[in-house]
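A short worksheet on the structure shown next.
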Amino acid sequence: MGKKVFVNKANITLEGPFTVERAKELHLLLVERLDGMPEQAGGGAIDLCRVVDIDACGCQLLALFLENLKRRGAAPMLTAVPPAVRERIVTLGFGELLALQPEP
Amino acid sequence: MQTAQGSAVEQLTADGGAEYLTFTLGSESYGIDILKVQEIRGYDCVTRIANTPAFIKGVINLRGVIVPIVDLRIKFNVGEATYHEFTVVIIINVLNKVVGIVVDGVSDVVALPAQSIKPAPELGASLDTRYITGLGTLNDEMLILVDIEKLIGSDELQIVDSTVDNTQKEAVNL
Amino acid sequence: MTTPSGETNSVDLNRFNQVFFEECAENLAEMEQILISLGDREPDPEQMNAIFRAAHSIKGGAGIFGFNDMTVVTHVMESLLDRLRNQEIPFAPEMIDLFLEAGDAIAMQLAGHREGKAVDQEVIDGVRARLQQAIDAGGRATAPGLPADHAEGAPPPQEELLPRRCRLAFTPDPEIFARGIRMESIISELAELAEPGEFHSSARLMDVPELAEVDPERCLTRWEFTMLTRASREQILDVFMFVADEEQLQIEEDEPVDRRTPEGEPAPEQGIVPAAGRRAYDSNETAPGAFGRRGNETEASFRVNVTKVDQLVNQVGELLITQAMLSQIAVGLDPILHETLQRGLVQLERNTRDLQGSVMSIRLVPISIVFNRFPRLVRDIAAKLGKQVELKTTGDSTELDRGLIEKIADPLGHLVRNALDHGLETPETRAACGKNPTGTLQLSASQVGGRIVIDVIDDGAGLNRERILAKALECGIPCSEAMSDEEVWQLIFAPGFSTASEVTDLSGRGVGMDVVIKNVQAIGGRVQIASEAGKGARFTISLPLTLAILEGLSVAVGEEKFIIPLNVVIESLQPKPEQLKSVNGREVVQVRGEYLPILKLHRIFNLEAEVIEPQRGILVLVEADGERGAILVDALLDEQQVVVKSIETNYRRVEGSAGATILGDGRVALILDLPELFTMHKKL
C-alpha cells in the first residue's frame, strides 16, 4: 500500500506502483495534494524515487496532475526517476508531457 | 416484532438452539428445523407415479418445478391418509432437493433453547430413532425433533437415487 | 525495464479477459486444425501464414492482457514459424508434432488462467526448449545460402519491403485502461517492428479537466507514433488487433525511397487512410481459398452469455405453458360470443411457436465442434498404437442443442478410442487378412426425424461374440449362449466389463463402456451396436434433437395424462375385434399383417383405467429403436409442444418416463420413454 509522505508543502514523494490497479487511490491522493499545494509556489519537486512501476494510466494521471498544477501557477518537476520508470515513461510517449529531464 | 424474534433466534442459535416448525402425525408432535422449510401449501393436483411405494403420492408442479410428495402418515402408519381441503403439505428444501411431505396438521413455529432439548431415547415413536435429533418439551407435551435431511436422504424413502448402478445394469442387460 | 506485475485482480476485467480467452481458444483450435490437416506435408504459404497469425495473435493478446507466462512459449514458437516462413530454416515433419505440443502447452496455460487448472511448468519449459532447439539446429544447418529450390510461391520475406516512414495516430477507447489493456505491451510490440532507434512515441492529453473531476481510469490520452519500418501494414494493424476499432487508428505511410510497385496493383493512396479495425488483417483471408474460420464467416455475429440464452429458453417454455393454459380455458367459451378472443389466441399460439423455434435455434450448434477434436485424437492414438488410420467425417454441419454437444463429446471420444484400440487391427494383421493396411474410422452425423444419429464406424475386426460372452461370465455379468448377437453386444456396456486382455493406456483407464452408455442415457440417448466379424463394427448413438421441448401427443389413462413423443407415433386406431389376437398368452393386435404387442399403460403403471379391453379403447401404434407396439389408452387428447422438465431434479429416475411436463391445467404429466416401456411390458 502506498502511503502519503509529506516531506514539505512544495515537494511530493510518491510511492509504490503507479498503475491502473491503484488509479482511484492515487487519484484521491493527488487531488488532496493539489488542494494542499500553495498557489504560486513556484518550483517544487515530485519525487518518484519510490515508484516501482508505472503504466499508461499512471502516466496520464501524473500528466493531468502536472497540468492542473500549472493551471494553478506551479510547475514542479519530476525528480529521482528510477531508470525502469523513466524507460517506461519514454516508451509510453509521456516524456514530453511529464517534462522529463534528460538523464543526468 | 420481527426484529425481536430475529435476534432471539440468533441468540438461540448461538447456544445451539433453533426454531422449529411443529406438526402432528397421528397423536405425536414433531418438529423440524424451520430453516429447512420452504413453504406450506395445500394438497392438490398430484400426478401418480407408477411402481412406487404407497407413501410416494406422486409429483406436483410447484411453480414450474416438479416436486415429489411423500405422505409421512402412510410411511409411518399413523393418522388417517385422507386428502381434503385442509390437508397440509410442507415443502422442504434439503440436499439440493425440494420435497413435499404430507402431515396431519401444522401447529406452530417454536423456539427451543438448546438446553431444553434432550437426547432421544430408544422409544416407541413411529419414527426410527436414526432420524430423531432429540426431544423437546412444549407446554408439557413431548416434541420429537426430526433430522429431516437424513430422513429425506434415506434409502427408506427412496427419494434420492442411491441405486443408480442397479438400474444401469438393468438397462444394459436388456 | 520492470515487467508489469502479474494480472490485475479486478473483477471487472474478467469480462474482457473472457474475450481474450475465447479468441485464444479459437486461435489454438484453428492452428491445430491446420496442423492436423497437414499430416506430414509442409504447410503451403497460406497455411504457414495462418499458423503464424494464430500464434502471433495469442502472444499479442497474452501480452496485452497481462498473461505474461503465455507469451513465453508463443514467442519461441513465433520465432521458429517466422524463420520457416522466411525459409531461413528448412521444414521438418517433426515440427508439426512440436507445434501441436506447443499448442497443448499454451492450451494448458490458458486453462490455468481460465479455470484455475494446474499448469505443469516442466511441460512448458520442455516444449519451449525444444522449439528453441529447432531454431538453433535449423539455423546451423542452413547457415549460408539456403537452396532456393522451394522459394516458389513462398511469401516474400519481410526483408524485401524497404523501410519507410509510418505515422500512426491512435485514439483509444476511453475504457482502455479499465479493460486491463497494457499500452506498454502494445507500444513495445510496435517498437519491435521499427528499425533500431527509429521509433518515437508521443502521448497527448485530449482534455485537461479539473483533477478532482477526473475519472482516473478513463483514458484521455491519444498517441502518435513515428517509425521507420520494414513491417507491412498488416503487421502493424496486427499489433492493435485487440484494442483498436475502426477509426481509432490512422496510419500514414510514406513512399519508400526506392519502392517497387507490384505489377498490376495500383500504388496505395497517399495520405491518411482510416485503417480497418481489429479484424483488418482478415481482408485477404476472405478471398476464395483462404484458410481459417474467418473466411467462412459471412454473417455478422456476436457473443452472448450462455446463461442468457438458457434463461430465454426457460422463459419461452413458461410462455408455452401459459399459452396452452389460455387455449384450454378458451375451449369452454362460446366461440361466437368470443370470436375475437379465439382469433387472438390462435395468433398467440402461432407467435409463441415461432418465437420458440427462433429461440431454440439459437442453441443449435454444428456437431463439427465435436468432430473437429478427433483428427488430433485419432492421430495421437494411432501413432501410439502403431496403427494406420484414416478418419472420415460426414454430416459435420448437423446441428444439435449445445447442451447436448457438451455431453456427447466424452462418450463419443470414448467410442473413438475404443474403435482404435480394440476395433482396428495393426497394419500387419490387416495386410494378412487381405485388407487395406490403413484402417478407416468414420464419424457421421445426421438428423433422422426428431433425433440426431451419430455413427462411429470402423472397418476393423468387429466384436467377438465368444470373447464377450466369456468375459461377461468371468465378470459375473448375467448372460447366456442363447442370447442374440444384439444382446451380446450390449453386454460390453455392463459396469466392470472390459475385453482388453491388458489394460491399455488408452481405453483401459478404469472407466469402461458403461460410462459411455450412462452418459448417453443421461441425455435421453441410446446406443446400438452392429458388428460383423472381420468386417468392422458400427456404434450408433441416437439423441433427441433438443432437451428442452418436445412434440407430444397427450393421452388419457383413467385420471392420468401421459405424453407420447410424437416422433415415435405411427398412427392411432380403434381396433376391430378380429384384429385382436393372443400369442403365447400375450395380447397382440394385427395391423396390416403384422402382429404388434399391446402395451396396456394402466397395467404397466398400475393405474385404474376406464378402458381395460383393447377393443373399447384406442391403440396408439408406436415404433422406437426398430421395435413396434400398440399402446392402449382411454382417449387421445391433443397434439402439443411440451416443455421437458426433469423429474430427477427433486426425485429419482422414474422408470418408463423420459421426463415430465406441465400441462395447461398446471398438472404434471409424464413423458413416456418407449424403449423402456417395451422392456417393462416384457417383464409383466
Side-chain angles (χ1 to χ4, degrees), chain B residues 36 38-39 41-70 83 89 91-101 149 152-174, chain C residues 314 317-318 321 472 477-479 483 486-487 490-497 513-514 517-518 521 526 558-562 601-608 643 645-657 659-663 665-670 675-676 678-680 682-683:
Chain B
K36 306 279 200 295
Q38 182 178 314
E39 62 186 278
R41 51 172 284 148
Y43 180 97
D44 62 345
C45 294
V46 178
T47 299
R48 285 263 300 119
I49 288 184
N51 308 325
T52 49
F55 59 81
I56 301 281
K57 295 308 296 175
V59 290
I60 59 162
N61 159 28
L62 184 70
R63 294 184 294 281
V65 178
I66 294 176
V67 172
I69 301 294
V70 184
Y83 304 94
V89 179
I91 305 292
I92 308 282
N93 194 335
V94 286
L95 306 166
N96 290 324
K97 300 243 172 207
V98 181
V99 176
I101 57 173
E149 191 165 321
I152 296 292
S154 70
D155 288 349
E156 238 175 297
L157 284 198
Q158 298 178 28
I159 290 170
V160 181
D161 221 335
S162 58
T163 51
V164 176
D165 283 352
N166 295 342
T167 44
Q168 202 58 48
K169 202 173 263 176
E170 274 172 40
V172 166
N173 297 338
L174 300 184
Chain C
N314 284 336
E318 297 306 317
I321 292 170
I477 297 159
C479 61
M483 284 171 127
E486 263 292 300
E487 289 167 318
Q490 291 289 333
L491 288 174
I492 68 170
F493 291 129
F497 184 92
M513 298 289 275
D514 57 321
I517 195 133
K518 202 166 167 177
Q521 282 176 344
R526 282 179 271 282
E559 299 267 283
E560 302 295 337
K561 289 173 187 170
F562 292 93
L601 277 191
H602 69 275
R603 276 196 62 202
I604 293 172
F605 288 126
N606 283 322
L607 297 168
E608 308 229 330
V643 180
K645 300 263 177 184
S646 163
I647 304 174
E648 283 151 272
T649 312
N650 292 315
Y651 189 55
R652 54 195 292 139
R653 221 183 104 67
V654 174
E655 204 185 4
S657 86
T661 191
I662 294 162
L663 297 174
D665 61 5
R667 287 179 64 103
V668 178
L670 295 185
E676 262 186 32
F678 284 129
T679 315
M680 290 164 84
K682 283 171 202 156
K683 281 187 195 160

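Naming: A, B, ... by sequence-line order, numbering from 1 per chain. Values below: all heavy atoms of this structure, side chains included; hydrogens, waters and symmetry mates excluded. None of the values given here were measured: they were computed from a predicted structure.
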Just wondering, more than 12 heavy atoms not from Arg526(C) lying within 6.0 Å of its CZ?
yes

Chain C interface, residue from Val46(B), Asn61(B), Val65(B), Val99(B) that has the most non-hydrogen pairs under 4.5 Å
Asn61(B)

Let me know if Ile152(B) has heavy atoms under 4.5 Å from chain C in its side chain, its backbone, both or neither.
neither

Distance, nearest 0.5 Å, that separates CZ of Arg652(C) from NZ of Lys97(B):
10.0 Å

What do you reckon, is CD of Glu559(C) surrounded by more than 12 foreign heavy atoms closer than 6.0 Å?
no

Within the structure provided, determine whether Ile49(B) and Tyr651(C) are in side-chain contact (heavy-atom separation under 4.5 Å).
yes

Rounded to the nearest 0.5 Å, the SG atom of Cys45(B) sits from the CD1 atom of Ile662(C) at a distance of 11.5 Å

Minimal non-hydrogen separation, Lys645(C) against Ile66(B), with atom names:
CB-CD1, 3.4 Å

For Ile604(C), which atoms come within 4.5 Å of any heavy atom of chain B: side chain, backbone, both, or neither?
backbone

Heavy-atom pair with the smallest gap, counting every atom of Thr47(B) and Glu560(C):
CG2-OE1, 3.4 Å

Is there a side-chain contact between Met680(C) and Asn51(B) (heavy atoms, below 4.5 Å)?
yes

Below 4.5 Å from any heavy atom of chain C, which atoms of Val98(B) appear? Answer side chain, backbone, both or neither.
both

For Arg41(B), give me all partners under side chain to side chain donor-acceptor pair (under 3.5 Å), at least two apart in sequence or on another chain.
Asp44(B)

Among Asn606(C), Val668(C), Thr649(C), which has the most heavy-atom pairs under 4.5 Å with chain B?
Val668(C)

Using the test side chain to side chain donor-acceptor pair (under 3.5 Å), find all partners of Asn93(B) that sit at least two apart in sequence or belong to another chain.
Gln38(B)

Which heavy-atom pair separates Asn650(C) from Asn96(B) by the least distance, and what is that distance?
OD1-O, 4.1 Å

